[in-house]
Amino acid sequence: MDFKDKIIDWYRIYHRELPWRNTTDPYKIWLSEIILQQTRVKQGLPYYLKFSEAFPTIIDFANASEDYVLKLWEGLGYYSRARNMHKTANHIVDKLGAEFPKSYADLIQLKGIGDYTASAISSFSANEVHAVVDGNVFRVLSRIYGISTPIDSSLGKKEFKNLASELICSNNPGLFNQSIMEFGAIQCTPKNPKCESCPFEDSCIAFAKNQTDVLPIKKNAIKQRTRYFEYLILINENQTIIKKRTEKDIWQNLFDFPLIENPSPKSEEQIIEQLNQIITTSFKVASVTAPIKHILSHQKLWVRFWKLMVPDLVIFKNKDLIVSFEDIDEYAFPKVVDNYLSIHELE
DNA sequence: AAACCGGGGCT
DNA sequence: AGCCCAGGTTT
């Protein structure tokens, strides 16, 4: 029995039931695929249900504001996915007659869709023969075939794409693609793969050589930057100041508070010095949090929140927005800010 | 080719 | 603490 039959047989027995399977609607598949980019099924599932309900069709999606799309996306991370989805929804409605593309050639031209996502949607919705190569496929193939080419090199991407394209079941490419990814997610896991109950136990090169813990190979070594954020929660009666992050930085188009960023850690006394320079009116420090560590994939943030009572709210920049406490949950905030707001009642 | 872009869960 | 997740875009 060859690779494709083994992997599909495994899938028929062990796969999970998920709401975006059993449909060939490319719109619904697109929703699920974008949400699941670099995101585990367990984390993405509630967002898929939320988006499906809020936007039953591509037209509903396009009619929404970007701010509302980001509000629904709040907490999921990699917010460019939401911004690109909104642009793509409008493009499809305005330029493609609201008909969601099904072919790889058309899909690959859309914002936010690369080789993986175009292969996934076209194979699931139209049975086009395009092999998906995601993190699961890299892992499964590198182990079973004993391939040590780094998966984050251009040569590696080409090599694994070619191999997956040779192995794919041309009669049912969608089922094959689902199968190999599900196999990677459930059986051939990154840590502690279930090799003792694996249908490839007799043929897997990594298992034979005891190399499952080193394959797949990554060149990796991403260095991350440390930043120090002091958020100013300026309060007058039942109002505060927020601003939209329009600059080219993390959390683009989300909202947060007036921010002092320092290149090195500062004491509370030093921050109060800075506050005296910036805030022209009198103010009283009602509370300050201990530094909160917030890890991103490429940055380490130390975040403090300063609750400051002021006699009136002075606009620092024209991006600033005065909002009352009861309206604040209309806006999309980064997780670390949202966490603060849910713990500390503003009053 | 390398850097950038979140947040969560597992080990 | 380190790694990885149904990746893609920008530099």
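These figures come from a predicted structure and were not determined experimentally.
Remark: A/K161 is not in phosphate contact with C/dG7, judged by side-chain N or O atoms under 4.0 Å from OP1 or OP2. Applying the 4.0 Å criterion to OP1 and OP2 of C/dC5, one finds that A/Q37 has every side-chain N and O outside that range. Neither OP1 nor OP2 of C/dG2 sits under 4.0 Å from any side-chain N or O of A/K218. At the phosphate of B/dC5, OP1 or OP2 sits under 4.0 Å from a side-chain N or O atom of A/H298. Remark: A/K219 is in phosphate contact with B/dA2, judged by side-chain N or O atoms under 4.0 Å from OP1 or OP2.
No side-chain heavy atom of A/S122 sits under 4.5 Å from any side-chain heavy atom of A/K102. Inter-residue side-chain proximity for A/I292 and A/V336 is flagged as met; some heavy-atom pair is nearer than 4.5 Å.
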If you restrict it to nitrogen or oxygen atoms, what contacts under 3.5 Å exist between nucleotides 7-11 of chain B and the protein, and what is each distance?
| residue | atom | partner | partner atom | Å |
| --- | --- | --- | --- | --- |
| B/dG7 | OP1 | A/Y79 | OH | 2.9 |
| B/dG7 | OP1 | A/K335 | N | 2.9 |
| B/dG7 | OP2 | A/W251 | NE1 | 3.4 |
| B/dG7 | OP2 | A/H294 | NE2 | 2.6 |
| B/dG7 | O3' | A/G75 | O | 3.4 |
| B/dG7 | N2 | A/Q43 | OE1 | 3.4 |

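Remark: the A/R225 side chain and the B/dA3 base include no donor-acceptor N/O pair separated by less than 3.5 Å.
For A/Y48 and A/W20, the ring centers are positioned less than 6.0 Å apart. Here A/W306 and A/Y231 keep their ring centres 6.0 angstrom or further from each other.
Atom C1' of nucleotide C/dA6 and atom CD1 of A/I113 are separated by 13 Å, given to the nearest angstrom. When the P atom of B/dC5 is taken as reference, atom CG of A/L301 falls 11 Å away, rounded to whole Å. Whole-Å rounding puts the A/L45 CG to C/dA6 P distance at 13 Å. If you take CZ of A/R21 and P of C/dA6, they are 11 Å apart, rounded to a whole angstrom. At whole-Å resolution of the value, CD in A/Q224 and P in B/dC4 are 11 Å apart. For A/K293 and C/dA1, the NZ to C1' distance is 8 Å, given to the nearest whole Å. In this entry the distance linking CD1 of A/I217 with P of C/dC4 reads 11 Å, nearest Å. Counting to the nearest Å, the C1' atom of B/dA1 and the NZ atom of A/K158 are 13 Å from each other.
Here the separation of B/dC5 from C/dC5, taken at their C1' atoms, is 15 Å to the nearest Å. Nucleotides C/dG8 and B/dG8 place their P atoms 22 Å apart, quoted to the nearest Å. B/dG6 and C/dC3 have their C1' atoms separated by 15 Å, with the value rounded to a whole Å.
Under a 3.5 Å cut-off, the side chain of A/H86 and the backbone N or O of A/A64 do form a donor-acceptor pair.
Contacts of A/R83 with the nucleic acid, taken as non-hydrogen atoms under 4.0 Å apart, are absent. Counting non-hydrogen atoms under 4.0 angstrom, A/Q299 reaches the backbone sugars and phosphates but no base. Among the protein residues, A/K157 comes within range of no part of the nucleic acid, since none of its heavy atoms lies under 4.0 Å from any strand. Residue contacts shown for A/N177 are absent, as no nucleic acid heavy atom lies under 4.0 Å away. Looking at heavy-atom distances under 4.0 Å, A/W73 makes no contact with the nucleic acid at all.
Residues A/E33 and A/R81 are not paired through a salt bridge, judged by the lack of any N-O separation under 4.0 Å between the basic side chain and the carboxylate. Ion pair A/R139/A/D134 not flagged as a salt bridge, since none of the NZ, NE, NH1 or NH2 atoms sits closer than 4.0 Å to an Asp/Glu carboxylate oxygen.
Here OG of A/S32 is found 11.0 Å from OH of A/Y27. Values are rounded to the nearest 0.5 Å. For the atom pair A/M181 CE and A/L36 CG, the distance stands at 9.0 Å (nearest 0.5 Å).
Both cation-pi conditions hold for A/K50 and A/Y47: the charged atom is under 6.0 angstrom from the six-membered ring centre and inside a 45 degree cone around its axis.
Here the closest non-hydrogen pair linking A/L107 and A/I113 is O-CG2, 3.4 Å.
A heavy atom closer than 4.0 Å to some atom of DNA chain B occurs in no member of residues 133-141 of chain A.
Looking at which nucleotide of DNA chain C each of A/G112 and A/L36 is closest to, the 5′-most match is held by A/L36.
Set against C/dG7, B/dC5, C/dA6, the side chain of A/T117 has C/dG7 as its closest nucleotide.
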